[in-house]
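Every value quoted in this text rests on a predicted model; they were computed, and no experiment measured them.
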Amino acid sequence: MTKTKTTFLARALAGLGLALSVVLACADEAPPMVAQQVSPSAWYVEGVSALGSPANQNFISNAAFVVTPAGVVVIDALGSPALATRLVAEIRKHTSQPITHVIVTHYHADHIYGLQAFKALGARIIAHQAAKVYLNSDTARLRLEVSRQELAPWVNDDTHLVEADEWIDGEKNLTVGGVQFQIKPVGPSHTPEDLAVYLPSEKVLFAGDLVFRSRIPYVGQADSRHWIAALDKLLAFDAVVIVPGHGPLSHEARKDMQLTRDYLVYLRESMGRAAQNLEPFEDAYKNTDWSQFEHLPLFRVANRMNAYNTYLLLEQEAR
């Protein structure tokens, strides 16, 4: 590592409560972060298909950036301040333009714990106002407390939740350096506050966690019925390439959204029948044929939880 890069990292990490010695000691173990070009102006970094851990610094989601003549627009901030600092270093390999905006597709931890690094650089954060409920909830506070323990030292006592500078409640067109970004609410689906970001000049769609590629989606408390409808909305964009929230780039929009859509439909059909017939969840889960999905990464980690949450959701819908 050159002296200039070491100095840059030391200053950045000092402001985030992380010692450079800790970062360097773990650098060889952390998953690599290399910005991959998506289009003439856009790049993205791809997280690993795993649960967040100290070993991967919580690098389990994607983030992207678009370079314009007047500055850089970032989409999502990754899962720890250290990761955000690494992302800034990747951006600096391609431009010296200031980072002017960060658009948050949703407020899940693996997409937002890096926000404070961008806030410190003066970036303006844009998100959907529906995230305010979560951001000010005990759930968000407790999640951060647990993350400080389970993801230390990358998420620690200096890591904090960051509110948006601009809360939007409808579609927004953002123009930076003559480049237009179409920001479209597509929630409630994966979360109440889901946003998709479209770059019409280069036909790139940043889909957030509405699209998972090559792995089982995390459904959680999602409204799966609206999520399926939101995927249909995304197909209305004339996108040549899609940057998903997790997994590799997609150059075949309909085909690559189909996995997420098929999985959600199957969850609703199988768990819906069980809920309607008053079949206990344990029996329903055991009797369901999961063979078309069980080969996918994170199936054993996420599928049972996804099925249970969908079962509870469909019990409520049936009332």
Side-chain angles (χ1 to χ4, degrees), residues 41-42 44 61-68 70-79 84 87 98-137 139-140 160-211 220-223 225-239 242-245:
S41 303
Y44 92 116
S61 64
N62 300 344
F65 61 93
V66 179
V67 179
T68 83
V72 180
V73 177
V74 174
I75 296 95
D76 284 339
L78 298 176
L87 178 56
I99 298 171
T100 60
H101 297 78
V102 179
I103 304 171
V104 181
T105 62
H106 64 295
Y107 260 80
H108 276 175
D110 53 326
H111 296 260
I112 64 161
Y113 282 171
L115 278 174
Q116 65 193 70
F118 292 103
K119 185 72 173 175
L121 295 174
R124 181 174 178 80
I125 299 167
I126 300 173
H128 194 281
Q129 68 173 6
K132 289 182 181 180
V133 175
Y134 170 75
L135 196 59
N136 294 289
S137 69
T139 301
H160 56 271
L161 298 171
V162 177
E163 292 205 9
D165 298 294
E166 181 179 354
W167 296 106
I168 64 173
D169 62 359
E171 295 185 16
K172 176 182 176 67
N173 287 327
L174 172 69
T175 302
V176 180
V179 178
Q180 185 185 56
F181 298 80
Q182 296 177 1
I183 306 173
K184 184 179 181 66
V186 284
S189 45
H190 180 66
T191 66
E193 69 270 13
D194 291 305
L195 294 177
V197 183
Y198 185 54
L199 188 64
S201 60
E202 298 177 13
K203 296 188 175 182
V204 178
L205 177 64
F206 304 93
D209 277 10
L210 264 68
V211 178
Q221 304 298 316
D223 186 327
R225 178 171 53 187
H226 288 167
W227 190 342
I228 292 166
L231 287 171
D232 292 334
K233 289 181 182 178
L234 293 186
L235 289 170
F237 286 104
D238 187 23
I242 297 175
V243 180

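- Heavy atoms only, all atoms of each residue included: Trp167 and Lys132 are closest at CD1-CE, 3.1 Å.
- One distance of note links NE2 of His106 with CG of Asp76; it measures 6.5 Å at 0.5 Å rounding.
- In this view, Asp232 and Arg261 satisfy the salt bridge (Lys or Arg N to Asp or Glu O under 4.0 Å) rule, not counting sequence neighbours.
- With rounding to the nearest 0.5 Å, the separation of CG in Leu210 from CD1 in Ile228 is 11.0 Å.
- In this structure, CZ in Phe118 is found 5.0 Å from CD1 in Ile99, a value given to the nearest 0.5 Å.
- The nearest pair of heavy atoms linking Gly71 to Thr68 is O-OG1, 2.7 Å.
- Side-chain contact between Glu193 and Val104 is absent, with no heavy atoms from C-beta onward closer than 4.5 Å.
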Item to check | Evaluation steps, side chain to side chain contact (heavy atoms under 4.5 Å, CB included), between Trp227 and Asp194 | outcome: CA-CA 10 Å; Trp227 190 342; Asp194 291 305; over 6 Å; no
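- The shortest non-hydrogen separation linking Ala42 to Val66 is CB-CG2, 4.0 Å.
- Taking CG of Leu161 as the start and OH of Tyr107 as the end, the distance is 8.5 Å to the nearest 0.5 Å.
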Checklist entry - Given the rule in the side chain to side chain contact (heavy atoms under 4.5 Å, CB included) test, do Ile126 and Val102 qualify, once you have shown the distances and angles that lead to the verdict? => result CA-CA 6 Å; Ile126 300 173; Val102 179; over 6 Å; no
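- Once rounded to the nearest 0.5 Å, the distance linking CD1 of Ile103 with CD1 of Ile125 reads 11.5 Å.
- Rounding to the nearest 0.5 Å gives a distance of 11.5 Å between OG1 of Thr100 and CG of Leu121.
- Looking at every heavy atom in both residues, Gly245 comes nearest to Asp209 through CA-OD1, 3.3 Å.
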Next on the checklist: With side chain to side chain contact (heavy atoms under 4.5 Å, CB included) as the criterion, how do Asp165 and Lys119 come out once you've worked through the C-alpha distance, each side chain's angles and the decisive distance to 0.1 Å?
Outcome noted: CA-CA 10 Å; Asp165 298 294; Lys119 185 72 173 175; 2.3 Å; yes
Checklist entry - Hey, mind stepping through Thr105 and Thr191 against side chain to side chain contact (heavy atoms under 4.5 Å, CB included) and telling me if it holds? => result CA-CA 10 Å; Thr105 62; Thr191 66; over 6 Å; no
Determine all donor-acceptor pairs shorter than 3.5 Å in which one atom belongs to a side chain in residues 172-185; sequence neighbours excluded.
unit_1	atom_1	unit_2	atom_2	d
Lys172	NZ	Glu166	OE2	2.9
Lys184	NZ	Glu171	OE2	2.8

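- Ring pair Phe237/Tyr198: centre-to-centre distance below 6.0 Å.
- When all heavy atoms are compared, the tightest approach of Ala84 to Gly114 is CB-O, 3.3 Å.
- Contact between Leu195 and His128 at its shortest, heavy atoms only, is CD1-N, 3.7 Å.
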